[in-house]
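Here the structure is laid out as structure tokens; the discussion comes afterwards.
Order of the sequence lines fixes the chain letters, A, B, ..., with proteins taken first and strands second; residue numbering starts at 1 for each chain.
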Amino acid sequence: MMRLYNTLTRSEEPFAPATHNAVRMYTCGLTVYARGHIGNFRTFVCTDVLRRTLKYLLGYDVKQVMNFTDVDDRTIAGAEKAGMDLRAYTDQYIAMFREDAQALGLEPVEEMPRATDEPNLAAMAKMISMLDRNGHTYRSDDSIYFKISTLPSYGRLARLDHEGMKPGARVDTDSYAKEDARDFVLWKGHRDGEPFWEYPALGITAGRPGWHLECSAMAQRLLGDTIDIHAGGVDLIFPHHENEIAQSEGATGKPFSRFWVHVEYLIVDEQKMSKSLGNTYTIPDVMAKGFRPSAVRLLLLSAHYRKQLNFTWDSLAAHEESLRRLTDFLARLDTVAGDGSHDAVQSRVDDARRAFAAAMQDDLNTAAALGAIFELVRALNSSIDAGDVGAGDVPVIRQAFDEFDRVLGVISLRRAEDARPPVPVDEIERLIEDRQAARRRRDFAAADRIRQELAARGVLLEDSAGGTRWKRK
RNA sequence: GGCGCCGUCGCCAAGAGGUAAGGCAGAGGUCUGCAAAACCUCCACCCCCGGUUCAAAUCCGGGCGGCGCCUCCA
């Protein structure tokens, strides 16, 4: 059974879904007022690996919801500034998210709801009316607030004591009128020029949803009252997730999420990467510097998800190299010539599979899992050199790597990139032919020239006994 | 003022009582027309000081240093 750290209890706990074999998982997605940066994507890559571990390693069915926040102060301000309709404005960033998600090999999740989709707004309105009925709300200045004092368990996730945040704590200076500074808004009263919705039958006058409400409502609508895992970045623990719990549990009286999983920050130059600090890099930024998304994915998985990871260009370059080691090894399997199969190889592969699975089940220890893979690579490279690997072993080895990669999703990603080299494949193949002819007539100057020209265009050639292979730089 | 995390080789990073995985970089070697790849060898008393223990990178106490949350934020 997998062990997973639960922020709610601040400890690792054995994880299994509450019902049957199906995991219901919600991930807080992106607010679509700008292109997501690789810090945002750290969370999404980690939750993707969690999802894949649950699915492919543990055999659960996974139903995952990841939302887009497409109505809030920033999206509204951005749309206004751009002179665009809110929906059209946020569409752009959703499209970019999808591009980047694909580039990083994120497996599509089952649902990607937007806050402003009508069924979601209706669900939010319904949730407010449930909170009304349970006495958790009040109205002020056309807005609707959640009254924290009505919910004694408030602050349990973030471990905040109700009185604790006094001197030095910055107080929310929201211009909406609240009875208590710590109360939060469920529904913001309509202001000129802003989009609004209303549900008079439920006593909800013109306005728009507060940020926290959408996640509670959409999670409930699409996954049910109690879900198995709720995930997001550590920065969401407070106030976002705390408030989600207040809303959902205040409305239903049932526990909202059994596990809370939080991914630590990606930092850059020893500071958190965030849009407000202006130190962000996006996938296009990374590609413009000549790096590939697969290397970003590997970098993001190179450290445990609950530890801060300091992003540097040097470490991205290092991961480009280590990924190359992996793909070089897999390419080498094609050249294995010997016959038969070997027990020693099989058991070495089994050891690695066990180590990999154990690491992933140990609170998603991707760094240790990668260690197991690289140890296997060296052992098998060594065995190949010694002639101790036969053609009969190759499928077993490939199967193991397929298994690793279904979970980590990095090798297949790199292979997809490799399949689109900067020089057309038929041209590469023709040049290899030309070069082989030159080598046969021992015209090494001509052969080297061809290799250098291709290298300058981003394609490397490697000679071996079995022939010449090419790869992307 | 309150709460929390972290400090392991030049860089990245596992390990969480039994004597330091892995990747990148580096040095020497084998192989090769050359190059690349690959392999072999080399490359760490785990921030400091105390304590507990037969045994501590791992536990406890105290320092020092870094980061984060309590405000919008993945």
Euclidean distance, atom [atom1] of residue [X] to atom [atom2] of [N] [Å, nearest integer]:
| X | N | atom1 | atom2 | result |
| --- | --- | --- | --- | --- |
| A:I450 | B:C34 | CD1 | P | 19 Å |
| A:N381 | B:A36 | CG | P | 17 Å |
| A:E264 | B:G68 | CD | C1' | 7 Å |
| A:D48 | B:A74 | CG | P | 18 Å |
| A:L316 | B:G23 | CG | C1' | 14 Å |
| A:L326 | B:A38 | CG | C1' | 15 Å |
| A:D183 | B:C70 | CG | P | 18 Å |

In the strands shown, is [N] matched to any nucleotide by a Watson-Crick or G-U wobble pair with both distances under 3.5 Å, and which?
| N | value |
| --- | --- |
| B:C59 | B:G51 |
| B:A25 | none |
| B:U19 | none |

Distance check, rounded to the nearest 0.5 Å: A:T327 atom OG1 versus A:K471 atom NZ?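 Reported to 0.5 Å precision, the distance equals 6.5 Å.
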How many angstroms lie between CG in A:L326 and CG in A:L376, if you round to the nearest 0.5 Å?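 It is 10.0 Å, given to the nearest 0.5 Å.
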Are A:F41 and A:F97, when compared by the centres of their aromatic rings, separated by less than 6.0 Å?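 Yes, the ring of A:F41 comes within the 6.0 Å limit of the ring of A:F97, centre to centre.
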Across all chains, not counting sequence neighbours, the ring pair (Phe, Tyr, Trp, His ring centres under 6.0 Å) partners of A:F256 are A:H230, A:W260
The criterion is ring pair (Phe, Tyr, Trp, His ring centres under 6.0 Å); which residues satisfy it with A:Y265, sequence neighbours excluded? none
Measure distances between side-chain N and O atoms of [X] and base N and O atoms of [N], and say whether any donor-acceptor pair falls under 3.5 Å.
| X | N | result |
| --- | --- | --- |
| A:R74 | B:C72 | no |
| A:D235 | B:G68 | no |
| A:R42 | B:A74 | no |

Do the side-chain N or O atoms of A:R325 get closer than 4.0 angstrom to the phosphate oxygens (OP1, OP2) of B:A38?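 So the side-chain polar atoms of A:R325 do come within 4.0 Å of the phosphate oxygens OP1 or OP2 of B:A38, strictly under.
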Any salt bridge between A:K188 and A:D72, counting N to O under 4.0 Å? no
Closer than 4.0 angstrom, basic N to acidic O: yes or no for A:D48 and A:R297?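 Salt bridge present between A:D48 and A:R297.
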Under a 4.0 Å heavy-atom cutoff, the residues of residues 23-37 of chain A touching RNA chain B are A:G29, A:T31, A:H37
Can you find a side-chain donor-acceptor pair between A:S347 and A:D350 that sits under 3.5 Å?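 No pair is found: no donor N or O on one side chain lies under 3.5 Å from an acceptor on the other.
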Consider only side-chain N and O atoms of A:R449 and A:Q452, and report whether a donor and an acceptor are under 3.5 Å apart. no
Under 4.0 Å, counting only non-hydrogen atoms across every strand here, what does [X] touch: a base, just sugar-phosphate, or nothing?
| X | result |
| --- | --- |
| A:S322 | sugar-phosphate |
| A:R469 | nothing |
| A:G39 | base |
| A:L461 | base |
| A:L460 | nothing |
| A:F374 | sugar-phosphate |

Take the angle between the ring planes of A:F291 and A:W313 and call it parallel below 30°, perpendicular above 60°, tilted in between.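 The rings of A:F291 and A:W313 lie parallel, inter-plane angle below 30°.
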What nucleotide among [options] has an atom nearest to a side-chain atom of [X]?
| X | options | answer |
| --- | --- | --- |
| A:D463 | B:G33, B:U71, B:A74 | B:G33 |
| A:R435 | B:G33, B:A74, B:C70 | B:G33 |
| A:Y265 | B:A74, B:C72, B:G33 | B:A74 |

Distance, [atom1] atom - from [M] to [N], rounded to whole angstrom:
| N | M | atom1 | value |
| --- | --- | --- | --- |
| B:C6 | B:A16 | P | 14 Å |
| B:C46 | B:A38 | P | 32 Å |
| B:U52 | B:G28 | P | 48 Å |

Given salt bridge (charged side-chain N to carboxylate O under 4.0 Å, His left out), test A:R258 with A:D228 step by step and report yes or no. CA-CA 5 Å; A:R258 301 171 53 240; A:D228 294 300; 2.7 Å; yes
Nucleotide by nucleotide, 5' to 3', does protein get under 4.0 Å of the base (B), only the sugar-phosphate (S), or neither (-) in nucleotides 10-21 of chain B, counting heavy atoms? --SSSS-----B
5'-most contact on RNA chain B: A:F329 or A:N40, nearest heavy atom basis? A:F329
If you assign each of A:D72 and A:A445 to its closest nucleotide in RNA chain B, which residue comes earlier from the 5' end?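 Residue closer to the 5' terminus by nearest nucleotide: A:A445.
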Pairwise N/O distances under 3.5 Å, protein to nucleotides 28-30 of chain B:
none

Quick one: which residue pairs count as a ring pair (Phe, Tyr, Trp, His ring centres under 6.0 Å) with a foot in residues 350-373 of chain A, not counting sequence neighbours?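 Pairs touching residues 350-373 of chain A that pass the test: A:F356-A:F404.
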Start with the C-alpha distance between A:R51 and A:T27, add both sets of side-chain angles, then the distance that settles side-chain hydrogen bond (donor to acceptor under 3.5 Å, both in side chains), and finish with yes or no. CA-CA 10 Å; A:R51 165 196 175 81; A:T27 305; over 6 Å; no
Heavy-atom check, side chain of A:M273 versus side chain of A:R42, under 4.5 Å: no
